Structures are given as C-alpha cells and as structure tokens.
Amino acid sequence: MTETLKSRIKRLARQQLLRVDRGLRGGVKPELEAVYQNIFNRDLAALSIEDTFYPLNSAANYSLLYLVLRSARELNIRSVVELGAGQTTILIDALRKKGVLKGSALTIEHDDAWAQRIGQLVSHPILNVRLVERQDGPYRYKGYDLSALKTSDPIDLLLIDGPVAGDEERMHSRHGALPLLDRLDPDGFILILDDAERDGEAELVERVKEYFLKKNIKFASGQSDAAKRQVLFATGRMMSSAFF
Ligand SMILES: C[S@@+](CC[C@H](N)C(=O)[O-])C[C@H]1O[C@@H](n2cnc3c(N)ncnc32)[C@H](O)[C@@H]1O
C-alpha cells in the first residue's frame, strides 16, 4: 500500500517536531570524543587488548566503543546480536577472546565483501543477508532479511548500527530491526541504537519506546553524545546500564 498524503504530512510533521526538539536539547558533542577515547584506551590497556581500532567517519565512534566495552565488563551478557559489521565486531571478538564477553555473538551484515573481510578477522559468525524491500506502516525501506536469523536464544545485547542509512532514500532502513524487539531477553537486556542524532534513527527511538510502552516493558533509557549519538534502553537485570 502506498503512503497516503495525510500520513505523509503526519510523518513529515513528526520529523520536524523531533528536529526542533533535538535542536532545543542540543546536538552531538564531538568535543567529548577525546574523553571517551581516553576511557576506552584505558580499559583496553587494563584488559591487554591491542588497540587496532579506527573509530572514524562512518565506523563506530569512541562513545559507541565505550558503551560496548563497558557493557561487556559490567553486565553478564549471554547473547549479543549486532546489526552492521565493523569496529564494534572487532571489539566484540577481542572481548570474547579475553573471556570478558562469555556469551554467544552474531553479527548481521548485508555487504558481501565487507562481511567476508570482517569475518576473516573474528571468530563468531557473520550472517551475510540480503536487504529486502519492506512496507512497514507509512515507512518503505530496504532492511535486513531477518528470516535467515535462526537462533532462538533471547538477545540480551542488541546493537543497531546497520544497514547503511542517513540519506533521504535510506533514512528508515534501520527500522527493519523492529521485529528483533520480540527476541529481547525478558530477564533484562540492553539495546543500543547508534546515530540517533539523525532523523530516521530518532524516529526509530520513538518507535522502540512505543513498542515497550505497548508491551508494558519497564525500561530506563540513557544517551551518549560525542561525534555521534547513541540512545540506550535497558531493562531488568541490565537496568543500571542506562546510567553508563
Ligand atoms: C555504520 S557502519 C557499521 C558500523 C559498525 N558497527 C562499526 O562499528 O564500524 C554500517 C554499514 O556500513 C558498511 N561499512 C562500514 N564500513 C565499511 C567499510 N570500511 N567498507 C565497506 N562498507 C562498510 C557496512 O555495510 C556496515 O554494515
């Protein structure tokens, strides 16, 4: 079904309101990148993990790497699913090799060459899936084909940082992660959405909140701002991570 004029106007008005709201609350804080970098480098050194990371441009920035590392250190994570391979995948692998992250890990990636390249560097599976066209209410986008995701383990760390988004054509592509919310661990989980300073991802944050409210899931949320913005949702035994 194509989007009606009325629902398009509603969606654009909503985007505009979110933009004003974000403007009032201030944008990202690139000047804090060095603060997160220091903490991340300190923690890598404490864990004897070699610093081979390139947290630049479209790759994970330091506040995202910090959140992943701290979650692994402080929370008993049994199952990680991440959308979008890259620096975070290499970090997850290093944390698993050091025994800091004891649970399973799965990375979903649509780009064949990138999946293969990152797959050669890490020990956990990279699930190379296609992007499929989806009509999701008023949203139309290409999202990951999640039918290939066979694991039934509840997810207790879900990281949404793929597929590529940000331009007009692909701004809602990460909304394709919404079906995974049903797979989050009822005992508690942490959900990290990257790039939440952008319109498409900010709308996704609102849709995630609506989902939790509808399902009566008690959550706390937090936000990290540096070169990019991460919004974090936490529940149950992971609730304290909203203060990370
Ligand atoms: C925002 S990036 C993924 C970031 C990832 N979580 C990280 O920590 O770097 C989203 C997508 O961009 C693409 N991508 C990222 N870096 C790439 C590279 N160096 N070459 C090709 N594609 C890349 C991949 O398809 C990836 O899933």
Side-chain angles (χ1 to χ4, degrees), residues 28 30 33 36-37 39-41 43-44 49-72 77 79-97 101 105-132 134 141-146 148-149 155 157-177 180 190-202 204-205 224-232 244:
V28 290
E33 200 64 10
Y36 286 105
Q37 178 182 9
I39 296 169
F40 179 69
N41 291 159
D43 287 358
L44 283 187
I49 295 175
E50 194 186 349
D51 187 356
T52 56
F53 297 92
Y54 293 110
L56 297 167
N57 303 320
S58 63
N61 73 312
Y62 276 110
S63 54
L64 177 55
L65 293 179
Y66 150 81
L67 284 174
V68 173
L69 193 153
R70 186 163 177 194
S71 302
I77 291 171
S79 154
V80 182
V81 172
E82 72 156 349
L83 308 185
Q87 300 299 301
T88 46
T89 318
I90 295 168
L91 176 60
I92 288 166
D93 179 64
L95 291 165
R96 292 182 80 235
K97 284 177 178 154
L101 202 52
L106 177 70
T107 298
I108 295 176
E109 173 58 48
H110 78 281
D111 183 302
D112 302 358
W114 190 238
Q116 208 175 10
R117 183 152 161 215
I118 297 293
Q120 282 165 354
L121 303 175
V122 304
S123 306
H124 67 268
I126 310 284
L127 189 61
N128 187 194
V129 303
R130 290 176 316 127
L131 295 182
V132 286
R134 299 190 59 190
Y141 52 81
K142 281 188 173 177
Y144 293 119
D145 178 7
L146 295 174
L149 185 63
I155 303 168
L157 169 57
L158 176 61
L159 172 54
I160 303 177
D161 191 19
V164 180
D167 53 20
E168 184 67 29
E169 194 195 333
R170 294 179 289 191
M171 70 184 286
H172 297 112
S173 63
R174 295 184 183 177
H175 291 220
L180 290 179
I190 170 167
L191 164 59
I192 301 173
L193 292 109
D194 194 26
D195 304 299
E197 75 283 3
R198 302 191 305 212
D199 291 344
E201 283 78 2
L204 179 57
V205 166
S224 301
D225 281 303
K228 302 179 187 184
R229 171 172 300 157
Q230 291 82 38
V231 169
L232 185 159
F244 281 2

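Bear in mind that the values here come from a model prediction, so they are computed numbers and not experimental data. Order of appearance sets the numbers: ligands from 1, and atoms from 1 within every ligand.
- Of the protein's non-hydrogen atoms, Trp114 CZ2, 3.4 Å is the one closest to atom 16 (N) of ligand 1.
- A donor-acceptor pair shorter than 3.5 Å cannot be found between the side chains of Ser63 and Glu33.
- Less than 4.0 angstrom separates some heavy atom of Val164 from each of these atoms of ligand 1: 11 (C), 12 (O), 13 (C).
- Relative to atom 2 (S) of ligand 1, the option among Ala59, Gly84, Ser58, Gly86 with the closest non-hydrogen atom is Ser58.
- Protein heavy atom at the shortest distance from atom 4 (C) of ligand 1 is Asp161 OD2, 3.0 Å.
- Checked against the 6.0 Å centroid threshold, Phe244 and Tyr66 do not count as a close aromatic pair.
- Of all protein heavy atoms, the one closest to atom 9 (O) of ligand 1 is Gln87 N, 2.9 Å.
- For His172 (side chain) and Lys142 (main-chain N/O), no donor-acceptor pair under 3.5 Å exists by modelled atom type.
- Under the 3.5 Å distance criterion, the side-chain polar atoms of Asn128 are matched with a main-chain donor or acceptor of Glu109.
- Taking all atoms of both residues into account, the shortest heavy-atom contact from His124 to Ala105 is CB-O, 3.6 Å.
- Every atom of ligand 1 with a heavy atom of Ala60 under 4.0 Å away is listed here by number and element: 7 (C), 8 (O), 9 (O).
- Leu101 has its side chain within reach of Val80: a pair of non-hydrogen atoms, C-beta onward, lies under 4.5 Å apart.
- Classified by interplanar angle (parallel below 30°, tilted 30° to 60°, perpendicular above 60°), the ring pair His110/Tyr144 is tilted.
- Checked options Asp194, Leu91, Leu69; the residue passing with Leu64 is Asp194 (criterion: side-chain contact (heavy atoms from CB on, under 4.5 Å)).
- Applying the 4.0 Å criterion to heavy atoms of His110 picks out, from ligand 1, the atoms 25 (O).
- The shortest N or O to N or O distance between Asp111 and ligand 1 is not below 3.5 Å.
- For atom 26 (C) of ligand 1, the closest non-hydrogen atom on the protein side is Glu109 OE1, 3.3 Å.
- Within ligand 1, counting atoms from 1 as listed, the ones closer than 4.0 Å to a heavy atom of Ala85 are 3 (C), 4 (C), 5 (C), 26 (C), 27 (O).
- Not a single heavy atom of Arg117 sits closer than 4.0 Å to an atom of ligand 1.
- An N or O contact shorter than 3.5 Å links Thr88 to ligand 1 by distance.
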